[in-house]
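Following: one structure in structure tokens, then a few remarks.
All values derive from a computational prediction rather than experimental measurement.
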Amino acid sequence: MVKNWKKASLAAVLLSGLVLGACGNGSDSGNESGDVTITYGIWDKIQQPGMEAIAEAFEAENPDIDVKVEVTPWDQYWTKLEAGAKGESMPDVFWMHSNEIAKYAEGGVLMDLSETYANSEVTSLDNFPKELVELYSADDALYGIPKDYDTIALWYNKTLFDAAGVAYPDETWTWDTMLAAAQKLNDPDNGVYGILAPLNRQEGYHNFIFQNGGYVLSDDKTESGFRLDETIEAVQWYADLSVKYGVSPTQSQFAENTNLSFFQSGRGAMGFFGSWMTGEMANNEYTAANADVAPLPKGKQAATIFNGLANSVAASTENKEAALKFVEFLGTEEAMRLQGENGAAIPAYKGTEETFVNAYSQFNMQVYVDQMENAYIKPYSKETARWEDVENTALMPVFDGTATVKEVAPDIVAGVEEVLANEK
């Protein structure tokens with residue numbers, strides 16, 4: 001049964017009327033043929049071939065279990081998953097995100113995977129970054145097995161750089177180097193901008209906060225980093241790429257065209273993109289031919305945000321044995337290599353990262369892996385989405401050029417810390 005599910009979530013469920021396909025297409029004990037079908041819920045079609053390759057490998061080792069990969073776009077995924085939680089009709093196994101794990105773990109809808117992995121003879125939690133294991137754990141229970149990790153890098157348009165006679169970015173670049181290059185590459189009269197800097201946290205200004213020696217949330221998750229001058233300075237510098245220097249499109253322009261569409265149409269010489277966007281770059285004819293990737297520029301120090309997805313199991317599954325066997329397989333070296341070889345994502349299993357690097361040999365993908373040396377886990381708490389919304393809303397006038405970060409910082413501090421205080 002679903003326990004302690006938040007009232008707001010229940011309201012959303014009742015209003016949505018959306019229900020995923022039932023978990024049990026047959027139970028482990030009740031299917032006379034001995035065959036079981038389990039569902040695997042994901043949200044990314046680019047990763048679908050990789051997930052299906054893993055499912056096929058699992059089925060080959062477990063011929064009595066069929067795995068059906070179900071893709072629901074991100075915009076509908078969480079609404080459907082929440083509805084499925086209310087109706088106990090979630091996928092048997094499904095992707096989990098750092099922004100959502102606390103709600104689902106507290107809601108009693110995820111199975112504790114601790115025993116499965118403690119007793120596993122084919123994999124171990126020691127194979128994954130400890131920060132990701134901790135991220136998907138709560139109250140001594142493990143609610144998700146790390147699937148992948150991602151970092152942020154600087155993509156650049158080689159053709160535009162060559163035409164302007166600007167040297168390609170490398171590990172020596174600083175904020176000032178990047179700004180100087182962006183100014184040389186900037187040609188707004190012809191619709192080309194030196195850099196793309198939208199109001200974006202994970203792929204944008206959060207990285208600059210850490211590079212400047214600031215933080216987003218205190219370690220004990222009680223205070224907002226916008227109390228710090230280092231945080232305020234970093235976000236202002238990032239916003240100024242548009243409002244002061246004019247080397248980035250305005251926020252109204254980003255409202256009409258995403259940073260990806262700017263970059264993939266040759267209207268942005270540089271942009272910040274997570275490793276999960278590599279498939280988009282490779283599948284686009286223009287960026288496949290004209291783009292490459294470099295490390296993020298340094299501030300006071302090198303830094304990147306890193307995050308990662310996990311695989312979770314529905315507590316209400318009617319196919320517990322099959323689902324646990326599959327989620328255990330998802331954490332093996334074999335499955336992780338298949339994920340990387342198919343270009344789905346950087347595998348979370350240590351030592352298998354090169355499979356993803358090799359899958360996109362046309363780009364300098366090693367950058368994403370190397371940046372883990374200077375990586376900070378994506379800021380999170382029990383109610384991440386709530387304080388992120390506070391931060392985003394308060395910063396809108398800054399990115400419109402009608403306020404400064406220093407002016408809105410008190411509102412961010414008050415709003416974020418109220419959310420954090422109510423989490424306890």
Side-chain angles (χ1 to χ4, degrees), residues 46-47 129 131-132 148-162 166-179 181-182 185 194-197 200-211 238 259-260 263-264 268-284 286-309 336 339-378:
I46 288 180
Q47 293 199 43
E131 295 94 338
L132 293 182
D148 55 44
Y149 72 78
D150 53 66
T151 60
I152 313 302
L154 178 68
W155 283 76
Y156 62 97
N157 186 315
K158 295 182 292 184
T159 302
L160 292 178
F161 269 72
D162 292 342
V166 177
Y168 296 160
D170 60 26
E171 69 280 357
T172 68
W173 270 34
T174 65
W175 292 6
D176 291 339
T177 313
M178 185 183 71
L179 176 58
L185 292 156
I195 197 159
L196 305 170
N200 185 304
R201 290 176 301 275
Q202 186 177 355
E203 290 181 292
Y205 66 86
H206 275 188
N207 298 279
F208 288 80
I209 289 174
F210 287 107
Q211 289 171 6
Y238 178 89
N259 56 333
L260 180 63
F263 192 71
Q264 291 188 326
M270 293 179 281
F272 311 106
F273 295 98
S275 52
W276 65 87
M277 297 299 294
T278 305
E280 296 279 0
M281 300 298 188
N283 291 336
N284 178 272
Y286 183 83
T287 46
N290 294 282
D292 207 351
V293 61
L296 290 176
K298 299 175 184 177
K300 294 177 181 177
Q301 61 184 16
T304 178
I305 297 294
F306 90 99
N307 193 29
L309 306 184
M336 290 287 176
Q339 177 178 208
E341 289 167 359
N342 283 274
I346 304 174
Y349 194 104
K350 297 175 183 177
T352 63
E353 298 92 341
E354 82 280 354
T355 58
F356 184 76
V357 173
N358 295 336
Y360 295 106
S361 58
Q362 67 269 48
F363 303 128
N364 184 19
M365 299 309 297
Q366 188 63 37
V367 165
Y368 281 116
V369 176
D370 292 345
Q371 291 201 144
M372 280 295 285
E373 296 178 6
N374 306 298
Y376 291 79
I377 191 70
K378 179 181 178 291

Determine, using ring centers only, whether Phe356 and Tyr368 are less than 6.0 Å apart. no
Verify the ring-centre separation between Tyr168 and Tyr156: is it less than 6.0 angstrom? yes
Derivation and outcome, side chain to side chain contact (heavy atoms under 4.5 Å, CB included), residues Tyr349 and Gln339: CA-CA 10 Å; Tyr349 194 104; Gln339 177 178 208; over 6 Å; no
Which atoms form the tightest heavy-atom contact between [X] and [Y], and what is the distance?
X	Y	answer
Ala282	Gln362	CB-NE2, 3.7 Å
Val293	Ala153	CG2-CB, 3.4 Å
Ala269	Gly194	CB-O, 3.4 Å
Ala294	Pro169	CB-O, 3.6 Å
Ala181	Trp173	CB-CH2, 3.4 Å

Stepwise ring pair (Phe, Tyr, Trp, His ring centres under 6.0 Å) test for Tyr286 and Phe263: CA-CA 9 Å; Tyr286 183 83; Phe263 192 71; 8.0 Å; no
[X] side-chain N/O to [Y] backbone N/O, donor-acceptor pair under 3.5 Å:
X	Y	result
Gln202	Asn307	no
Asp148	Pro347	no
Asp292	Asn364	yes
Gln371	Leu296	yes
Asn283	Gly279	yes
Gln211	Ala303	yes
Asn157	Thr159	yes

Determine whether [X] and [Y] make a side-chain contact, defined as any pair of heavy atoms from C-beta on separated by less than 4.5 Å.
X	Y	value
Tyr360	Met281	no
Val369	Val357	yes
Thr304	Tyr376	no

Can you name the residues that form a salt bridge (Lys or Arg N to Asp or Glu O under 4.0 Å) with Glu354, not counting sequence neighbours? Arg337
Can you label the angle between the Phe363 ring and the Trp155 ring as parallel, tilted or perpendicular, going by 30° and 60°? perpendicular
Aromatic ring pairing Phe272/Tyr238, orientation class (parallel under 30°, perpendicular over 60°, tilted between): tilted
Nearest 0.5 Å please: distance from the [atom1] atom of [X] over to the [atom2] atom of [Y].
X	Y	atom1	atom2	answer
Met178	Ile195	CE	CD1	3.5 Å
Met336	Glu353	CE	CD	10.5 Å
Asn358	Met365	CG	CE	11.0 Å
Glu203	Thr151	CD	OG1	11.0 Å
Gln264	Thr287	CD	OG1	4.5 Å
Lys378	Arg201	NZ	CZ	7.0 Å

For Phe306 and Leu132: C-alpha separation, side-chain torsions, deciding distance, then whether side chain to side chain contact (heavy atoms under 4.5 Å, CB included) applies. CA-CA 10 Å; Phe306 90 99; Leu132 293 182; 4.1 Å; yes
Does Asp150 form a side chain to side chain contact (heavy atoms under 4.5 Å, CB included) with Ile346? I'd like the steps, not just the answer. CA-CA 7 Å; Asp150 53 66; Ile346 304 174; 5.7 Å; no
Using the side-chain contact (heavy atoms from CB on, under 4.5 Å) rule, pick out the option among Leu154, Ile152, Leu260 that qualifies with Phe273. Leu260
Would Trp276 and Gln47 count as a side chain to side chain donor-acceptor pair (under 3.5 Å) if you check the C-alpha gap in whole Å, the side-chain angles of each, and the deciding distance to 0.1 Å? CA-CA 9 Å; Trp276 65 87; Gln47 293 199 43; over 6 Å; no
If you apply the rule side chain to side chain donor-acceptor pair (under 3.5 Å), what do you find for Thr174 with Thr177, and how did you get there? CA-CA 5 Å; Thr174 65; Thr177 313; 3.0 Å; yes
Tyr149 and Met372: CA distance, side-chain angles, deciding distance, side chain to side chain contact (heavy atoms under 4.5 Å, CB included) verdict: CA-CA 9 Å; Tyr149 72 78; Met372 280 295 285; 3.3 Å; yes
